[in-house]
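Down below is the structure, laid out as structure tokens.
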Amino acid sequence: VHHESCVLSLDSCRMSKPILYTYWRSSCAWRVRIALHLKGVEFESRPVDLVKKSGQFADECYKLNPSERVPVLVHNGHSICESLAIIEYIDEIFPGVALLPKDPVKRATARALALHIASGIQPLQNLKVMQKLNAEEAGKGQKWSEYWLTAGLKELEKMVEKTAGRLMVGDDVTVADICLPSILYNARRWGTDVAAFPTLLRIEKELEKIDAFEKALPENQPDAQKA
């Protein structure tokens, strides 16, 4: 990742059209798509099939990110990996709705909730983990994912009960909300009883009303695979 800033020509940086290496069902790429849509940023989507490790853009994506994961954002000649780092970059570079609150306490709270999802829950049932578990024993990945998603979402529900207004941290969209739809999607996919998390479901309904969240849904991506 290049760390050079766009201080000398911020306007030209904003005008440059970003490229996003993405996969329709990737939780991490989903977060970044939401962030870009919230900011109203036009971007070029370059799908990478993470299951088959193939496709038109796979090789160039993996050269940019040796961990062979998405998302990768390319902007103004620089490449950035890891969804939360990309989201903070988007927030700092592009005008529009703030994705991180200005208030220090709310900002830290939003980051903490986002990290609980992105670093605490989601990695335990990502593609590489599931492939390894299912290779060892058929069906093992399903039980593993359901267990950790249920445990993680129980914790998240209790956290958000203390911080929520209309959304996860007060009434405005934050990076925490950006992380919520994909983890609930995964929970349903792996058989978790999401009815046990009424606060999270209420917030999810609010987020569904926002156009940027609708545009970022897996089924609305050009590489979506119809079941």
Side-chain angles (χ1 to χ4, degrees), residues 1-18 20 22 27-43 71-76 78-122 152-153 155-184 197 199-217:
V1 177
H2 298 280
H3 299 285
E4 293 88 343
S5 68
C6 298
V7 173
L8 295 178
S9 184
L10 188 56
D11 288 340
S12 65
C13 288
R14 289 171 176 169
M15 293 299 290
S16 175
K17 188 173 182 179
L20 180 66
T22 181
S27 299
C28 304
W30 188 344
R31 297 170 200 144
V32 174
R33 294 195 301 263
I34 294 171
L36 288 165
H37 288 308
L38 282 169
K39 289 283 190 176
V41 178
E42 279 192 44
F43 63 96
V72 178
L73 185 78
V74 178
H75 184 231
N76 201 48
H78 308 301
S79 59
I80 306 170
C81 306
E82 297 297 335
S83 63
L84 296 185
I86 295 171
I87 289 167
E88 291 209 21
Y89 172 83
I90 290 167
D91 198 30
E92 291 166 359
I93 289 293
F94 296 102
V97 60
L99 306 180
L100 284 141
K102 291 183 179 179
D103 177 81
V105 174
K106 287 186 176 180
R107 191 180 185 93
T109 300
R111 276 196 177 115
L113 294 173
L115 283 166
H116 178 75
I117 296 171
S119 300
I121 308 175
Q122 185 261 322
L153 288 171
E155 295 163 354
L156 185 64
E157 174 77 11
K158 291 177 182 177
M159 293 174 187
V160 175
E161 284 173 359
K162 298 179 180 180
T163 65
R166 185 175 71 91
L167 300 175
M168 289 178 74
V169 183
D171 297 330
D172 299 321
V173 173
T174 71
V175 65
D177 300 293
I178 289 171
C179 294
L180 183 63
S182 57
I183 204 67
L184 288 175
F197 315 119
T199 308
L200 301 181
L201 293 182
R202 176 185 64 76
I203 293 167
E204 182 186 40
K205 289 293 184 185
E206 290 295 321
L207 297 175
E208 287 173 355
K209 300 173 185 177
I210 301 172
D211 186 56
F213 284 79
E214 174 72 19
K215 287 179 179 177
L217 288 170

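For the single chain, residues carry numbers from 1 onward in sequence order.
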Short side-chain to backbone donor-acceptor contact, His116 and Gly152, under 3.5 Å:
yes
Here the pair of heavy atoms bringing Leu113 nearest to Met168 is CD1-O, 4.1 Å
For the residue pair Ile93 and Asn76, establish whether any side-chain heavy-atom pair is separated by less than 4.5 Å.
no
Is Glu204 salt-bridged to Lys209, going by a charged N under 4.0 Å from an acidic O?
no
Considering all heavy atoms of both residues, which atom of Phe213 and which atom of Pro181 are nearest to each other, and what is their separation?
CD2-CG, 3.8 Å
Which residue is it: Ser79, Ser83, Pro18? I am looking for the one with a side-chain contact (heavy atoms from CB on, under 4.5 Å) to Leu73.
Pro18
Measuring from atom CD1 of Ile86 to atom CZ of Arg33, what distance do you get when rounded to the nearest 0.5 angstrom?
12.0 Å
Could you state the interatomic distance from CG (Leu84) to SG (Cys179), rounded to the nearest 0.5 Å?
5.0 Å
Point-to-point distance, once rounded to the nearest 0.5 Å, from CE of Met159 to CG of Leu153:
10.5 Å
Heavy-atom closest pair, residues Ala29 and Thr22:
CB-OG1, 3.3 Å
Residue pair Pro71 / Val32: nearest heavy atoms and the distance that separates them:
CG-CG2, 3.7 Å
Do Lys106 side-chain atoms and Pro101 backbone N/O form a donor-acceptor pair below 3.5 Å?
no
Pairwise side-chain hydrogen bond (donor to acceptor under 3.5 Å, both in side chains) hits with a residue in residues 157-168, at least two apart
Glu157-Thr199, Arg166-Glu206
Separation between CD1 of Ile210 and NZ of Lys215, rounded to the nearest 0.5 Å
12.5 Å
For the residue pair Trp30 and Leu217, establish whether any side-chain heavy-atom pair is separated by less than 4.5 Å.
yes
Do Leu200 and Leu156 pass the side chain to side chain contact (heavy atoms under 4.5 Å, CB included) test, and can you show the C-alpha distance, the side-chain angles, and the key distance before you say yes or no?
CA-CA 8 Å; Leu200 301 181; Leu156 185 64; 3.9 Å; yes
Check the pair Arg31, Ser182 against side chain to side chain contact (heavy atoms under 4.5 Å, CB included), reporting the backbone distance first and the verdict last.
CA-CA 8 Å; Arg31 297 170 200 144; Ser182 57; 4.3 Å; yes
Under a 3.5 Å distance rule, please check whether Asp91 uses its side chain to pair with a backbone N or O of Leu99 as donor and acceptor.
yes
If we only count heavy atoms from C-beta on, is the Lys39 to Pro95 side-chain gap below 4.5 Å?
no
Using every non-hydrogen atom in the two residues, find where Arg202 and Ala164 come nearest and quote the distance to one decimal.
NH2-CB, 3.9 Å
Qualifying residues under ring pair (Phe, Tyr, Trp, His ring centres under 6.0 Å), relative to Phe43, sequence neighbours excluded:
His37
Could you grab the distance from atom CG of Leu180 to atom CZ of Phe197, nearest 0.5 Å is fine?
11.5 Å
Steps toward side chain to side chain contact (heavy atoms under 4.5 Å, CB included) verdict (Gln122, Cys28):
CA-CA 9 Å; Gln122 185 261 322; Cys28 304; 3.6 Å; yes
Evaluate the ring planes of Phe94 and His75, with Trp represented by its six-membered ring, and classify them as parallel (under 30°), tilted (30 to 60°) or perpendicular (over 60°).
tilted
Residue pairs, two or more places apart or on separate chains, that pass salt bridge (charged side-chain N to carboxylate O under 4.0 Å, His left out) and touch residues 167-182:
none
CG/Leu36 to CD1/Ile90 distance, rounded to the nearest 0.5 angstrom?
3.5 Å
